[in-house]
Each structure stands twice: as structure tokens, then as C-alpha cells.
There are 2 protein chains.
Amino acid sequence: MAVQLQRPPVAEACIVLCCLACGLSVPDPRLREALIQLETSMQTGGQMVLTDAEQRLDTVMLKMKRAEMTKAEFPPAMHFFQARHLIRTSPIFSLLQKMPKGAALHVHDFSMVDVEWVVKNATYRPHCYMCYTDSQSIRFIFSSQWPKRLQYCSPWTLLENLRAKTVNITDLDNSIMRKLTLFTDQDPEVEYPSQDAVWRRFEQTFLAVWGLVTYAPVFRDYYYEGLTRFHMDNVMYLELRALLPEVYELDGSTYDTAWTLKTYQDITRQFTAEHPDFFGARIIFTVHRGLNASVMTGVVEKAMKLHRDFPDIMAGFDLVGREDSGNPLWYFRDALSLPAKKGAPLPFFFHAGETDLEGTEVDQNLLDALLLNTSRIGHGFALLRHPVARDLSRKREVAVEVCPISNQVLKLVKDLRNHPAAALMLENHPIVISSDDPALFGASGLSYDFYEAFVGFGGIKSHVGSMKQLAINSFRYSSLTPDQQVKALALWQKRWMKFVSENDFKKEENIYFSP
Amino acid sequence: MAVQLQRPPVAEACIVLCCLACGLSVPDPRLREALIQLETSMQTGGQMVLTDAEQRLDTVMLKMKRAEMTKAEFPPAMHFFQARHLIRTSPIFSLLQKMPKGAALHVHDFSMVDVEWVVKNATYRPHCYMCYTDSQSIRFIFSSQWPKRLQYCSPWTLLENLRAKTVNITDLDNSIMRKLTLFTDQDPEVEYPSQDAVWRRFEQTFLAVWGLVTYAPVFRDYYYEGLTRFHMDNVMYLELRALLPEVYELDGSTYDTAWTLKTYQDITRQFTAEHPDFFGARIIFTVHRGLNASVMTGVVEKAMKLHRDFPDIMAGFDLVGREDSGNPLWYFRDALSLPAKKGAPLPFFFHAGETDLEGTEVDQNLLDALLLNTSRIGHGFALLRHPVARDLSRKREVAVEVCPISNQVLKLVKDLRNHPAAALMLENHPIVISSDDPALFGASGLSYDFYEAFVGFGGIKSHVGSMKQLAINSFRYSSLTPDQQVKALALWQKRWMKFVSENDFKKEENIYFSP
């Protein structure tokens with residue numbers, strides 16, 4: 001295996017050089033160079049030895065990044081909704097799309113596929129009913145009979161009837177699409193003036209898509225399409241946070257959680273068989289943190305059973321929903337301690353620190369996730385504010401799943417150069433990059449978030465080695481067994497080498513920089 | 001002396017506890033409590049032992065802070081221009097105003113006094129001429145004769161004539177005031193859409209006030225008034241970055257740099273004599289970083305001579321102007337190495353890292369400032385992105401002068417909870433809080449910046465001990481000799497005890513929380 005997994009110790013070198021620097025008053029250019037090199041080598045991928053071809057690629061990407069930085073409008077400093085069209089035309093972005101990025105470890109079940117597919121495919125199926133809620137959202141249901149009216153909703157309309165009566169169907173479809181995503185052409189600051197406002201809309205949008213994606217035929221196709229989207233974006237493996245809802249049929253009958261999990265397993269196997277360069281997907285079962293502590297005990301027991309019954313597909317357990325308004329992890333400590341107490345391991349992948357409520361009970365989730373022996377930390381936006389948690393995460397290699405666009409859209413940070421992951425990347429903290437809810441944010445796959453990481457908080461110094469390390473991290477910190485990791489890395493390595501050789505700009509560098 | 005200066009080592013405890021935490025899978029509440037305590041104790045002032053009265057004060061301030069955080073509009077998350085009126089009515093702010101905050105170590109010469117004083121006092125003096133520039137700014141000059149017309153400016157108007165002809169003098173004065181500060185009632189995002197725009201305006205405003213404050217009588221009164229403002233805000237000592245310009249008289253004659261420095265010395269002595277609870281001020285001679293490297297050699301030699309001739313008042317040397325567009329420190333390395341080479345110490349107090357140009361030459365200033373043996377770092381906004389520089393700054397106790405409102409107004413960070421000093425404070429990095437250019441930002445003294453530090457990036461966990469430590473830091477990291485520091489700290493300690501006893505809310509707590 002050519003891939004190095006361990007992170008080499010740099011603290012030692014730092015102490016030596018820093019002490020050297022202590023006594024000086026006239027700057028020695030060699031010492032300066034050594035310190036600059038030291039700092040560069042400390043970052044994510046900083047010690048990666050690049051091949052000649054990788055170095056050539058790096059030179060080109062650095063030029064591209066410099067060009068990007070001198071533009072009047074620097075996308076990572078802008079809201080993603082306003083930056084998206086700039087990113088799409090950026091040559092770095094098209095390279096990053098082609099780059100084998102490894103795995104996406106923090107993606108939610110019902111935001112994998114862009115809303116255009118949802119509207120053009122799902123809502124065009126027969127028996128699709130829609131209604132408008134009092135709060136200007138929409139709801140859907142598929143039903144063989146006319147469905148019972150919902151509270152706080154207009155009467156149901158059969159969509160095929162509505163479309164038959166509508167002159168401008170494109171307008172209608174666009175208006176439906178707008179209800180299924182947070183993305184907007186309007187000024188996002190005006191549309192979503194506060195965290196409360198954007199989260200309210202987030203939840204409404206989630207409910208809007210619910211009736212579509214929990215209809216069994218759509219459920220299957222949506223997941224298959226989701227795998228396709230990530231595969232097309234050169235992502236090889238997914239860990240999907242999934243609510244495993246009751247999925248329904250046209251006659252109103254429903255399937256239980258085990259069916260849903262098994263369906264994920266079947267479709268994953270089918271997709272992987274059809275796409276041998278795709279490694280697969282695993283499911284992190286999630287429940288809403290709004291639950292009662294007493295209810296949680298049963299849920300954790302159910303999760304333990306699923307983990308036992310479906311060891312291949314089921315990776316572990318997590319809580320979802322806005323941390324600021326939901327119950328903190330510590331509130332559920334008894335239920336969450338059950339697996340350890342019973343000696344039946346249930347890996348945890350807790351969301352923690354997706355907040356700016358510094359120092360409050362909610363903010364305590366980070367340390368509690370670590371104390372509950374979480375395998376990774378979802379978001380960990382507040383980690384810089386918790387030196388002990390940061391230390392623990394580093395020493396125990398509990399990777400942070402960094403989702404830059406999500407954090408920006410949900411108003412934790414405006415200019416992505418100020419994202420805390422900038423500091424984490426510069427000291428090679430165990431992190432992976434992920435996309436959380438790409439469809440909700442008007443993104444897709446993983447490339448947009450890789451762009452923000454590479455061009456935004458990576459700064460000039462992040463390079464091809466950094467991206468390579470992030471890809472390697474995504475397997476290293478996955479829930480795959482060591483054996484599976486070796487296999488996945490070998491597969492990725494092959495694709496990586498192909499990517500590098502196909503993008504060897506030795507002779508054609510000018511293509512990108514011709515006037 | 002009751003004041004403890006050294007920072008106790010906590011890393012040891014961290015390693016022990018973190019290792020303990022490694023092996024556990026069921027969270028032990030005692031370990032959890034210990035880790036929370038450890039994290040709390042690691043922050044600035046985290047190991048400060050509080051008296052009973054201080055603890056009572058802390059309880060009250062914590063309640064106030066919690067109340068502040070639950071409000072719909074949380075001032076540190078807002079632009080200071082829009083938050084100022086909220087801060088002014090905040091009970092925490094009025095406590096922080098009364099609190100003896102120690103020293104302000106990063107303040108510029110011509111932004112000490114609010115523009116109302118400048119307009120109502122300076123521009124009302126006889127022989128004051130004003131003109132309008134093509135770029136909608138204004139210029140002033142005092143002259144016994146009608147002054148020669150400036151390029152790119154309207155003809156001069158004698159202000160007393162203009163006022164005599166003007167019906168609404170308040171409107172006129174307000175319009176002048178608006179030209180002398182960045183503060184605006186308009187939407188600051190619209191007024192200053194980019195860093196370039198806000199810096200352009202910053203420089204114009206600076207030029208606008210120049211003709212007023214370099215007129216000898218105003219120069220003296222302005223500085224005296226500046227000391228008064230900081231003294232009234234319960235700041236005891238100042239280190240002022242001063243350009244030491246040629247100061248002029250009505251007949252056009254000018255004084256040299258030595259005169260200007262000596263004038264600062266005389267007025268400081270006078271003010272301190274008149275206010276025995278004020279400790280004094282020292283000057284950091286500054287020049288613009290736009291200079292040529294060849295010119296810099298002469299400037300540094302001049303600075304060395306001033307430092308020799310005026311050891312009491314002259315603290316050291318610094319470069320000013322926007323780092324992003326000016327020359328980096330390394331460009332001046334030969335000139336800046338002169339003092340060390342000649343064995344004639346000239347302390348440096350370099351601005352460094354006031355940028356988000358990650359990884360560029362400008363961003364290199366932080367490491368270079370340290371290599372050039374700087375005594376402190378001005379701003380250091382980018383320090384989190386430089387693990388080696390951060391380590392050096394910590395190990396060598398090179399304090400970072402954090403100016404939150406300045407960083408926000410100059411568009412480095414929007415929500416002050418995301419200010420990098422949050423992370424620095426949580427690990428007791430050597431920092432001081434300062435106000436940079438309070439008059440330009442519509443602030444005054446030091447209390448507004450203390451508010452942002454305490455309520456904003458301090459989070460719930462920062463407490464009275466944190467504020468006390470910041471005040472102590474401001475002496476500890478000043479240019480004062482160890483003897484002077486002991487004296488200043490004793491004076492501060494006396495005022496601090498008085499403040500605590502006068503604000504002992506033992507019996508009157510309800511005053512602050514009555515409905």
C-alpha cells in the first residue's frame with residue numbers, strides 16, 4: 001500500500017525550532033524558511049510526499065487559486081447562494097469535481113438529490129397530491145384514494161389535475177422547487193435574517209419533501225439517484241444519516257424500520273454491483289433530539305437490535321435536529337450509556353457543537369459526545385472554543401465532520417475564511433469534509449464543500465496533498481473495518497492516480513491560463 | 001502584592017484527565033465535572049481566586065450576561081454601528097465602564113477623542129478653513145492668511161463665515177462630524193460593501209481630521225482631551241501609536257518630531273500630576289508601511305535616537321497602514337534589523353496578521369514580527385491560522401493586542417462570537433483588549449471593546465476573573481519596567497478593590513433585576 005495513514009509528530013520539531021527562535025533578535029533567513037516550512041508541514045497533508053505529476057497538478061491548482069483570490073468577488077467570502085454561479089465557472093471547481101474525493105461521511109437521507117429531480121421525477125408520478133400549509137409551505141402524499149385533509153392545510157389537489165389546468169407548468173414546477181430547498185435568488189440576508197428564521201424554513205422544507213420521499217417507489221429511486229449523484233461527483237463511499245421512517249404504499253400500508261434499513265442495504269448492493277468503482281454506503285440511524293429521555297431508551301435498544309441484525313449496512317447511531325433548541329446529549333445520558341453497560345457496542349456519530357451559544361448547556365455537547373465515546377463529531381463548529389474537547393478529539397482521533405456550506409447557510413459563519421476548520425486544518429486535526437444537506441442548500445455531492453475547504457479556509461498553503469489527505473481521512477475515519485479501509489483505499493488510490501495522470505498539465509498548462 | 005502574574009501550567013492536568021477519559025465508555029459525572037472545570041480553569045483568568053465580594057459581583061454579571069444572550073438582538077452578533085445603542089443601555093456595559101480596566105495598549109494618536117469634541121471645540125476656533133475634496137471628503141487648515149488652494153479641492157471657506165451665513169448650524173456641524181468618522185446610521189453593509197471601500201473611507205477620514213489635529217493648540221488640547229476620555233472610562237495607562245507629525249502654527253511655521261514627542265511627554269506629565277490615579281502614557285512611534293525600504297533605514301535610525309533621547313515617553317516603534325496593500329515586514333528586514341545589529345535596543349510593537357489573505361506574503365507578517373523580536377503583536381487576527389507563530393507568541397509571551405470592534409468595522413469578521421480571540425481567551429493565550437481607533441468607529445475609551453470581549457467572544461464562561469486577568473495583562477505586557485509595573489498594578493489593585501466594594505450587590509441585587 002502506497003498510502004500512509006499515520007500522522008507524523010511535528011510538535012517535537014516545533015519545540016526545537018521555536019526555542020531556537022527565542023534567542024534571536026536579527027532574523028536569520030534560514031530559520032525563517034525553516035519555520036515557514038514547519039508551519040506548512042503541520043497542516044492537513046503537509047507531510048504528504050507528492051509524485052512529479054502531483055506536483056505539476058499542484059502548481060496549476062495554486063495558480064488557479066491565486067487567480068481566484070485576486071478576483072473582485074471571492075466566492076468563499078460570499079454567501080453560497082450568491083457565490084454558486086461563480087464557483088460553477090471556476091476552473092478549480094471543475095478540477096475538484098473530477099478529483100476522487102473519497103467518502104462523504106456526513107450526509108442526511110432526504111437531501112441527497114437536487115430538487116429538480118424531485119419535482120420532475122417524483123411529483124410527476126400518478127396519484128401525487130399536494131396541499132398548501134398555512135405557513136406557506138407545501139405537503140405531498142401519494143394515495144390510491146382521495147386523501148384525508150390535513151390540519152392547517154388547504155384541501156388536497158391531485159397534481160396531474162392541477163398541471164392539466166395550468167397554462168405555465170414551468171412556473172408551477174419552479175414554485176414547487178422553491179418550497180423544497182433553502183436556495184434562493186433573493187438576498188439570503190433578507191430572506192433569512194436570523195438563525196431562527198433559517199431553521200424554521202429548514203424544518204418546513206424537510207416536512208415538504210417528506211410525503212414524497214417516504215412513498216416506497218420514490219424512496220427506492222431517490223436513494224438510488226442519491227448514490228448516482230455522489231458517484232458522478234467522484235465520491236466513492238457514503239455514510240448516510242437516516243431517520244429510517246415508516247415507508248408507505250399507495251394503499252396506505254406501511255413498512256417498518258427494519259424494512260427500510262434492508263431496502264437501503266439491497267439498493268446499496270445493487271448499485272455497487274452495477275458500479276464496481278463505487279465502494280458502498282452505510283447507514284447511521286438517527287432520531288430527533290426533541291424526544292423524551294424515557295422514549296430514548298427504547299430507541300437505543302431498537303438501534304442496538306438493528307446493529308446486530310444488519311451489521312453490514314448499519315454503522316451506528318446519532319441524534320438530529322437543531323442543537324440550540326433540542327435536548328442536550330447529557331439529558332439522554334442514561335439511554336446513551338445502555339450499549340456500553342450491556343456490552344453491546346453501538347457506535348455513536350454525534351452531532352455536537354453546531355452552535356454559537358458559547359458556554360451554555362448546548363455547547364457542552366462536544367465534551368459529552370467525547371465522553372460518550374463518539375466515533376466522530378458532526379460539525380464540531382464550536383471545537384475551537386473547547387481546548388479540552390479539542391485535545392481529546394485530537395488524541396483519540398475522533399474526526400470532526402466539517403460541513404462548510406451548511407454552517408454558512410445556517411448562519412454560524414459568514415465569511416468561510418473565518419471557519420474554525422481553517423485552524424483545524426492548519427494543525428492537521430483529524431477532520432473530514434462533508435456536505436450535510438446538499439439539496440437543501442442548492443449544492444450537490446461533495447465538490448462545492450471541497451471547493452470552500454480548498455480555496456476558502458485552506459488558504460494559499462493548502463495544496464494537492466491537503467486534498468489527498470482529506471480523501472484518505474474520509475476512509476480512515478469511516479466506520480469501515482480496517483480490512484475494508486485497505487480495500488477502499490486501494491480502489492481510491494487507483495482512481496486518484498488515473499485522475500492525476502489525466503490531469504497532467506505538463507504540456508497543456510496554457511489551456512487554463514490562455515487569455 | 002496580592003496580584004499574581006505568572007500563568008499556572010494546566011497542560012499537565014489536561015494530559016492526565018484526557019488520558020483518563022480515553023478508556024471510558026460510560027460517562028462518569030465526576031470525570032465530566034473535572035473536565036468542565038479543567039476547561040474553565042484554562043481560560044484567561046480561569047485560575048484567578050476571587051474574593052467573596054468578587055464572587056457576588058460575578059454572580060450578578062453572569063445573570064446580566066444570560067439576560068443579554070436571550071434578547072432577540074444580541075449585540076456582539078451585530079455590526080457595532082447597529083449595536084451601539086443596545087450596548088449603551090446594557091447594565092453590563094455600565095458596570096464595565098466603571099470597572100478599572102487597566103491599560104489600553106493599542107490606540108492611535110488621532111482617534112482618541114470623539115468627533116463631537118473635534119467639531120464643537122477644534123473647528124470653532126478662529127482662523128479655521130475648510131474645503132471639500134472631489135472625493136466627497138473635507139480638509140481643514142488653520143491659518144492667519146487665506147491659505148493656498150489645495151489640488152482636488154474646492155476653494156477654502158473660513159468656517160466662521162460659513163457658519164454666520166448658515167441657517168441650520170446643527171445640520172452643518174453634523175455633516176462635518178459625519179465626514180470625520182466611519183460611524184453611520186445607514187446600513188453599514190451598504191455603506192461599506194467591501195474591505196477596499198471601508199479602508200478607502202478610513203484613509204479619507206484620517207486625512208480629513210489631519211489639518212485640525214496637527215495645529216499646535218489643537219494638538220495639545222486634543223491629546224489632553226484624549227487622556228481625559230480614557231481616564232473617565234477608567235483606563236489608567238495608555239500606549240499610543242503616534243505618527244509624530246510636523247505640528248504647525250497659524251503662521252505656517254512647523255515643529256519637528258522631537259518637539260512633538262516632547263509635547264506628548266509634557267502633557268502626559270501635566271495630566272498625571274493633575275490626576276494622581278492615572279499612571280501615564282508612552283508613545284510608540286509609527287510610520288506608514290507604504291515607505292520605501294531605503295527611506296526606512298533613516299526612519300529607524302531616527303526612532304533609535306528618539307528612544308535614546310526620550311527614554312521615559314518613547315516606548316518603541318511600529319508600522320501602520322493597511323497590511324493587505326502595504327509592504328510586508330520582511331521587505332523592511334534590513335532597516336528593522338538595525339537596532340539589534342547596533343546593539344541599541346528599539347522595542348517593536350508590530351501590527352501583524354490584520355488580514356484574511358491566508359498564506360500570502362502579507363499573512364507572513366505574523367511570523368516575521370516574531371522573528372524581528374516584536375514585544376507585542378498588533379491585532380494578530382490571523383494567529384489561529386499560524387500554529388507555529390501562535391506557539392512562539394505563547395511561549396515567548398508576546399501578547400496579542402485584540403481590537404474586536406476595529407476588526408469588525410474593517411470587515412475581518414461579522415459576528416464577534418467568531419472572533420479568533422475567543423479561542424485565544426479559552427486557552428489563556430497572552431492577550432490584551434484594546435480599541436484601536438475608537439473615535440473613527442463611533443466608540444470611545446475601552447469599555448465597548450471590553451463589552452465585546454466579555455459578552456461576545458468570552459461566552460458564558462468568561463467571568464470577573466477573566467476581566468481582572470485582562471486588566472492585569474495590560475500592565476504585564478506593557479512597555480513599563482518591572483518596577484513601574486508593580487507600581488501601576490498596586491494603583492490598579494486599589495481602584496479594583498474600590499470598584500468591587502462599591503458594586504457589591506449583596507443587598508441590592510434586585511435593583512438590576514426588578515421587572
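Per chain, numbering begins at 1; letters A, B, ... match sequence-line order.
- Most heavy-atom pairs under 4.5 Å with chain B, from the set A:Arg66, A:Gln364, A:Glu189: that is A:Gln364.
- Both the backbone and the side chain of A:Asn418 come within contact range of chain B, judged by heavy atoms closer than 4.5 Å.
- For B:Ala389, the parts sitting under 4.5 Å from any heavy atom of chain A are the backbone and the side chain alike.
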- Begin from the C-alpha positions of B:Asp28 and A:Leu371 and carry the test side chain to side chain contact (heavy atoms under 4.5 Å, CB included) through to its verdict. CA-CA 8 Å; B:Asp28 178 336; A:Leu371 285 171; over 6 Å; no

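- You'll find the side chain of B:Leu384 stays beyond 4.5 Å of the side chain of A:Leu426, heavy atoms only.
- Of the two parts of A:Pro420, neither the backbone nor the side chain holds a non-hydrogen atom closer than 4.5 Å to a non-hydrogen atom of chain B.
- Of the listed residues (B:His386, B:His419, B:Arg333), the one with the most heavy-atom contacts under 4.5 Å to chain A is B:His386.
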- Between B:Asp368 and A:Arg32, does a salt bridge (charged side-chain N to carboxylate O under 4.0 Å, His left out) hold up when you go through it step by step? CA-CA 8 Å; B:Asp368 288 337; A:Arg32 178 179 192 258; 2.6 Å; yes

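- Side chain of A:Arg385 to backbone of B:Arg417: a donor-acceptor contact under 3.5 angstrom is found.
- In terms of heavy-atom pairs under 4.5 angstrom with chain A, the leader among B:Lys411, B:Arg390, B:Gln43 is B:Arg390.
- For A:Trp330, there are no ring-ring contact (aromatic ring centres under 6.0 Å, His included) partners at least two apart in sequence or on another chain.
- Proximity to chain A is absent for every atom of B:Phe348, based on heavy atoms less than 4.5 angstrom apart.
- Between B:Pro387 and A:Glu39, the shortest heavy-atom contact is N-OE2, 3.5 Å.
- You'll find the side chain of A:Ile36 reaches within 4.5 Å of the side chain of B:Leu367, heavy atoms only.
- Applying a 4.5 Å heavy-atom cutoff, the residues of residues 452-461 of chain B that approach chain A are B:Gly456, B:Phe457, B:Gly458, B:Gly459, B:Ile460, B:Lys461.
- Between A:Phe74 and B:Asp356 the shortest side-chain heavy-atom distance does not fall below 4.5 Å.
- Contacts of B:Glu73 with chain A are absent, with no heavy-atom separation under 4.5 Å from either backbone or side chain.
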